[in-house]
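Notes for the one structure printed next.
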Amino acid sequence: MSEHTDPKATEIPPFRYSVVLAQDIESRWQDWWDEHGTFETPNPAGPLADAQKTAERGEKLFILDMFPYPSGSGLHVGHPLGFIGTDVFGRFKRMTGHNVLHAMGFDAFGLPAEQYAVETGQHPRLTTEQNIATYRRQLRRLGLAHDQRRSVSTIDVGYYRWTQWIFNQIFNAWYDTDLQKARPITELLAAFESGARSTPDGRAWGEMTTSDQAAAVDDHRLAYVSDAPVNWCPGLGTVVANEEVTADGRSDRGNFPVFTRNMRQWMMRITTYADRLIDDLELLDWTDAIKAMQRNWIGRSSGARVHFASAAGDITVFTTRPDTLFGATFMVLAPEHSLVDTLTEPGQADTVAAYRTAAGAKKEIDRRDETREKTGVFTGSYATNPLTGNLIPIWIADYVLMGYGTGAIMAVPCGDQRDFEFATKFGLDIPAIQRPPQSWFEGHGIESSLDTSTWPVAFIGDAPYVNSSNDTLDLNALATKADGIATTNAWLEAKGRGEATINYKLRDWLFSRQRYWGEPFPIVYDIEGNPHALPDHMLPVELPETDRFSPRTFESDDEFSNPESPLDRLQDWVNVTLDLGDGVQQYRRDTNVMPQWAGSCWYELRYLDPTNAEAFVDPAVEQYWMGPRTDLRPDHPGGVDLYVGGVEHAVLHLLYARFWHKVLFDLGHLSSVEPYARLFNQGYILAAAFKDEREIYVDSLAVEKRQGEYFYEGEPVTREWGKMGKSLKNAVSPDELYDQYGADTLRLYEMAMGPLDASRPWETRDVVGMYRFLQRLWRTIADETTGESAVVDTPADEQTRKLLHRTIDVVRTEMNALRFNTAIAKLIELNNAVTKLPATPREVAEPMVLMAAPLVPHVAEELWRKLGHTDTLTYVPFPVADAMYLVDETIEYPVQVNGKVRGRVTVATEADAATVEAAALADDRIVASLNGAKPTKVIVIPGRMVNIVVEDTIGLTDIVTAI
RNA sequence: GCCCGAGUGGCGGAAUGGCAGACGCGACGGACUCAAAAUCCGUUGUCCGCAAGGGCGUGUGGGUUCGACUCCCACCUCGGGCACCA
């Protein structure tokens with residue numbers, strides 16, 4: 001001690017776990033792991049193969065994070081929550097005998113990267129690569145145990161070459177509805193040629209022109225060019241998928257208006273997979289919430305198509321209640337329905353035209369302002385109800401949507417609330433066709449009556465039919481809705497007036513974008529405009545270099561502008577001379593690019609075999625990592641063992657990726673039916689955000705708190721909680737935490753603040769608690785003055801040993817279940833107990849370091865070294881509790897009287913119920929509590945507790961009054 | 001409107017039929033220091049009580065049970081998703 005010369009110099013011991021020491025430990029171990037390839041995971045075959053190592057490491061386990069989009073603002077502490085969680089789990093599993101595959105790539109094509117590049121005037125490749133470098137640096141400092149050799153980016157030519165290859169697989173496939181699977185298009189062609197399959201118009205194949213033949217085949221492709229209504233977004237200068245349009249008709253990126261326009265675009269026939277995408281959800285270990293969102297998005301409903309005769313020919317409607325057809329008294333078409341022009345009588349032409357214009361314009365304004373008041377106009381025409389033979393008026397109204405069903409409905413006003421409101425407003429007939437139960441009338445406070453003019457609302461449900469018969473069909477005697485539907489469907493089919501069908505909300509996936517920063521299509525068009533997939537040896541089609549990468553955008557409300565693809569400007573690139581088997585010819589390249597979702601549809605597969613130049617993945621490698629685990633469950637679908645990511649991808653990414661995976665499975669390229677066997681949604685990190693009086697967010701870091709009020713530059717601001725991020729100006733960078741505490745503290749805090757699937761508010765001031773714990777843990781094992789090990793080789797006392805083994809037991813269970821917050825609490829308890837010992841016994845120190853290792857790997861490695869070990873602890877077996885120390889010789893039983901704990905007794909562990917009961921009744925405090933009252937019943941739960949039931953509570957009341 | 005999920009101290013949270021509030025933050029008290037920071041030790045749901053001890057307490061109201069934060073019914077509040085889907 002030299003306090004006489006410079007007291008301050010000696011105040012902090014030289015080897016205390018300070019942030020300086022933490023940073024030193026962390027950078028040294030990160031370098032060490034890299035140098036030693038610690039986290040390199042062996043494959044069973046291919047370039048990364050090491051059969052011996054694969055066997056040694058144990059059972060395979062594939063852990064996956066939703067890979068990040070490298071944005072220009074870098075990481076904030078909310079991003080790595082899931083990454084840390086999977087890292088802790090992966091490290092734990094490595095120590096319990098698993099060959100863990102864990103890698104991290106980048107989803108780097110797409111609109112935001114391009115927008116960022118446009119804003120900064122730099123080429124998107126440059127900005128994207130810079131952003132990736134920033135992400136890599138920030139992620140590396142977290143000490144994540146990723147196999148760096150497997151880190152792929154969707155923008156790598158070696159990656160998107162295979163994205164293009166997969167596109168061609170999909171293009172060259174069709175869906176066989178009999179076999180319910182995709183098959184190569186060559187098999188369809190063969191079936192047409194042989195006559196096994198009849199052509200669309202019944203002509204013999206040989207009599208068709210080449211162009212007609214091509215069209216017949218193209219009509220079946222799973223990727224196809226279609227001239228159909230799409231979502232045109234002038235503000236972005238591109239079309240977007242249905243899934244990218246918000247409920248109020250705007251783009252989810254940029255919030256620009258979106259217009260429905262017919263355009264020639266690439267589509268993917270995802271609708272053919274609708275049933276399998278719903279049904280196979282059963283096989284997945286996903287939350288019910290996500291499954292419900294997917295089911296809801298696909299929107300399967302069974303019903304019937306019914307054909308109504310009219311002057312313009314048959315009009316087909318879709319209904320889920322064909323049994324209510326007797327009550328259909330009018331028909332409503334969507335304003336955009338193709339038969340509206342034909343059906344409109346001259347006298348109604350002006351009214352109808354005006355309504356259609358207004359309905360079209362309505363899409364441009366914010367739909368939230370729309371009132372729910374029904375509007376509509378009569379066309380002047382009538383259709384025939386096939387059951388009643390009655391002529392029913394045909395109306396148009398915007399409550400009928402062109403995009404669902406057939407864009408036309410039969411209106412049953414007594415049984416559908418919307419139709420009821422419409423009929424009421426326009427004075428149309430509302431005959432009752434069901435007798436609602438008495439309770440329904442009572443619930444609405446009206447007399448039971450079939451006079452619907454007394455009804456306040458439509459009746460929807462199962463009830464006896466009335467007025468539901470004609471000469472050949474009678475529903476009136478049927479008991480249930482199911483019977484009514486089946487009977488009506490049979491009648492419709494027999495008469496050729498309809499058929500049972502299943503309808504879906506899901507639409508085909510609009511797959512092309514008129515932007516620069518994406519995968520080019522591996523497609524060229526011949527002089528007749530027919531698309532041809534480029535053969536494998538012509539892949540990749542590299543994204544051409546240009547400095548004119550900005551898309552042509554338009555005024556956001558310029559509905560009738562037309563998209564201009566940036567690639568269209570590169571005519572030298574567009575026009576090519578190729579030999580595709582028919583001799584050298586002129587072709588034009590497709591100038592669209594794929595949507596951002598393309599690259600994320602299959603990245604997990606490329607992690608498996610990132611350097612394979614012959615195939616997108618080696619089948620043996622895919623089988624090893626993704627093959628169905630029928631040892632776990634007979635119907636296991638295969639796929640990633642644990643997929644962790646945010647709930648925001650519940651529909652888009654997860655639906656698209658499942659679709660591609662199933663196509664590749666059908667075509668024989670994969671052994672797994674589903675890509676992600678288990679999905680875990682981590683919560684968000686929330687942070688306080690502050691708004692000034694203009695409702696504008698202000699920089700959270702500059703907000704001051706005074707007496708419970710918040711101020712920004714002296715002005716009062718209001719606080720709210722939101723997802724951490726740039727837009728709310730409340731992002732906390734991990735760099736700040738590295739500087740203040742180090743990465744281990746950040747990791748530990750993020751895991752300790754709550755369950756992984758719950759959102760939680762970020763509180764920088766709480767972080768210090770985990771920092772203090774690491775200091776105490778360090779001090780338990782290392783001498784703060786010398787930096788040497790402080791553990792002793794004398795055995796631990798019995799009590800400490802028991803605590804250790806109980807901790808091991810719980811920590812193992814909790815880590816397996818991804819409950820890291822409770823595992824951490826147990827480790828803190830153990831360490832706090834050990835702190836009170838005169839010295840730390842090695843038999844406690846070593847397991848404690850190993851248990852902490854998945855959570856705080858850097859400091860754990862350092863302590864492991866201090867304990868005399870020379871290699872990384874990454875593959876050291878995780879401690880196993882000795883059952884011997886999990887039981888005590890005696891147990892303390894809480895003793896309740898009428899459910900309230902009044903005392904406790906200690907008895908031998910093996911004591912039987914009678915002994916425990918006797919001990920409880922003999923306890924002084926219990927005797928006092930009973931105050932002479934006779935127990936009517938004594939419940940002894942072995943190992944748990946005793947409850948004494950006293951019916952006569954006079955004794956107890958006496959005690960209370962005595963006090 | 002429909003479909004999910006959640007309501008526990010000042011705060012984050014723990015306990016999934018058996019001792020409510022583990023662990024952490026904050027707060028309060030103490031040690032060290034000239035002092036402060038850092039660190040360490042102790043107390044901390046709430047009310048009554050000098051204390052021993054007791055009352056109350058998991059959004060609200062019922063129910064099941066020897067026993068309910070936990071299970072059931074109804075309601076309230078908050079968060080998320082879908083939304084004129086025929």
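Computed from heavy atoms alone, side chains included, the values below leave out hydrogens, waters and symmetry copies. Residue numbers begin at 1 in each chain, while the letters A, B, ... track the order of the sequences. As the structure is a prediction and not an experimental result, all values here were calculated from the model.
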| task | Could you give me the CA-CA distance, side-chain angles and deciding distance for A:Y399 and A:D419, then say whether side chain to side chain donor-acceptor pair (under 3.5 Å) is met? | result | CA-CA 10 Å; A:Y399 81 89; A:D419 299 344; 2.8 Å; yes

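Mapped onto RNA chain B by nearest heavy atom, A:K505 and A:M770 fall at different nucleotides, with A:M770 at the one closer to the 5' end. Position along RNA chain B of the nearest nucleotide to A:I409 versus A:I824 favours A:I824 as the more 5'-ward residue.
A salt bridge between A:D398 and A:K374 is absent, with no side-chain N of the basic residue lying under 4.0 Å from a carboxylate O of the acidic one.
A:R295 comes within contact range of no nucleotide atom at all, as no heavy-atom separation falls under 4.0 Å. Residue A:D419 is classed as having no contact, given no heavy-atom separation below 4.0 Å to the nucleic acid. A:V767 comes within 4.0 angstrom of nothing in the nucleic acid, heavy atoms only.
Near RNA chain B, meaning a heavy atom under 4.0 Å away, the residues from residues 772-780 of chain A are A:R772, A:Q775, A:R776, A:R779.
B:U43 and B:C25 are spaced 16 Å apart, taking the C1' atom of each and rounding to whole Å. B:G9 sits 10 Å from B:U58 when the C1' atoms are compared, rounded to a whole Å. Of the P atoms belonging to B:G57 and B:A68, the separation is 12 Å, rounded to the nearest Å. Look at the C1' atom in both B:A35 and B:C23: the space between them is 33 Å, to the nearest Å. When the C1' atom is compared between B:C47 and B:G80, the two are found 39 Å apart, to the nearest whole Å. To the nearest whole angstrom, the two P atoms, one in B:C78 and one in B:G24, are 34 Å apart. Spacing between B:A86 and B:G5 at atom P, rounded to whole Å, works out to 22 Å. For the C1' atom pair drawn from B:A22 and B:U8, the interatomic distance equals 13 Å after rounding to whole Å.
Shown here are the salt bridge (Lys or Arg N to Asp or Glu O under 4.0 Å) partners of A:D285, two or more places apart in sequence or in another chain: A:R678. Contacts of A:D508 classified as side-chain contact (heavy atoms from CB on, under 4.5 Å), with partners at least two apart in sequence or in another chain: A:Y224, A:M267, A:R269, A:I270, A:T271. Residues satisfying the salt bridge (Lys or Arg N to Asp or Glu O under 4.0 Å) test with A:E814, not counting sequence neighbours, are A:R819. Annotation: ring-ring contact (aromatic ring centres under 6.0 Å, His included) contacts of A:Y749 (sequence neighbours excluded): A:W762. Applying the salt bridge (Lys or Arg N to Asp or Glu O under 4.0 Å) criterion to A:E784, with sequence neighbours excluded, gives A:R16, A:R779. For A:R295, the salt bridge (Lys or Arg N to Asp or Glu O under 4.0 Å) criterion is met by A:E282, not counting sequence neighbours. Residues that satisfy the side-chain contact (heavy atoms from CB on, under 4.5 Å) test with A:T906, not counting sequence neighbours, are A:T890, A:E892.
Counting to the nearest Å, the P atom of B:G81 and the NE2 atom of A:H649 are 14 Å from each other. The CG atom of A:L652 sits 14 Å away from the C1' atom of B:C82 (whole-angstrom rounding). Nucleotide B:A86 holds its P atom 14 Å from the NZ atom of A:K374, rounded to whole Å. Between the CZ atom of A:F330 and the C1' atom of B:A86 there is a distance of 12 Å, given to the nearest Å. Between the OH atom of A:Y771 and the P atom of B:A38 there is a distance of 11 Å, rounded to whole Å. For the pair A:Y741 OH and B:G24 P, the computed distance is 16 Å after rounding to whole Å. The CG atom of A:L654 sits 14 Å away from the C1' atom of B:G81 (whole-angstrom rounding). To the nearest angstrom, C1' of B:C84 lies 14 Å from NZ of A:K425.
In summary, the side chains of A:D275 and A:Y504 do present a donor paired with an acceptor at a separation below 3.5 Å, with no hydrogens or angles considered. A donor atom on one side chain and an acceptor atom on the other are found under 3.5 Å apart for A:Y404 and A:S301.
With distances taken from any side-chain atom of A:T319 to the nucleotides B:A22, B:G10, B:A86, the minimum falls on B:A86. The side chain of A:K836 approaches B:G42 more closely than any other nucleotide in the set B:A22, B:G42, B:A86.
Here the side chains of A:L803 and A:E829 are not in contact, with every heavy-atom distance at 4.5 Å or above.
Annotated as anti: B:G24, whose glycosidic dihedral deviates from 0 by more than 90°.
Within the structure, salt bridge (charged side-chain N to carboxylate O under 4.0 Å, His left out) contacts touching residues 319-333 of chain A (residues at least two apart or in different chains) are A:R321-A:D323.
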| Pair assignment for RNA chain B - dot-bracket with | for other-strand partners, Watson-Crick or G-U under 3.5 Å | (((((((..(((.....[....)))((((((.......))))))((((....))))..(((((..]....))))))))))))....

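Of the inter-residue distances, the one linking A:W395 atom CH2 with A:F330 atom CZ reads 8.5 Å to the nearest 0.5 angstrom. Separation of atoms OG1 (A:T324) and CG (A:L387) is listed at 9.5 Å; rounding is to 0.5 Å.
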| field | Sequence-aligned protein contact record of nucleotides 12-21 of chain B, with B where the base is within under 4.0 Å of a protein heavy atom and S where only the sugar-phosphate is | value | SSS---BB--

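A 6.0 Å sphere centred on NZ of A:K425 holds more than 12 heavy atoms belonging to other residues, nucleotides or ligands.
Side-chain N/O atoms of A:K826 and base N/O atoms of B:C23 include no donor-acceptor pair closer than 3.5 Å.
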Using atom names, set out every protein N or O paired with an N or O of nucleotides 3-8 of chain B below 3.5 Å, distance rounded to 0.1 Å.
none

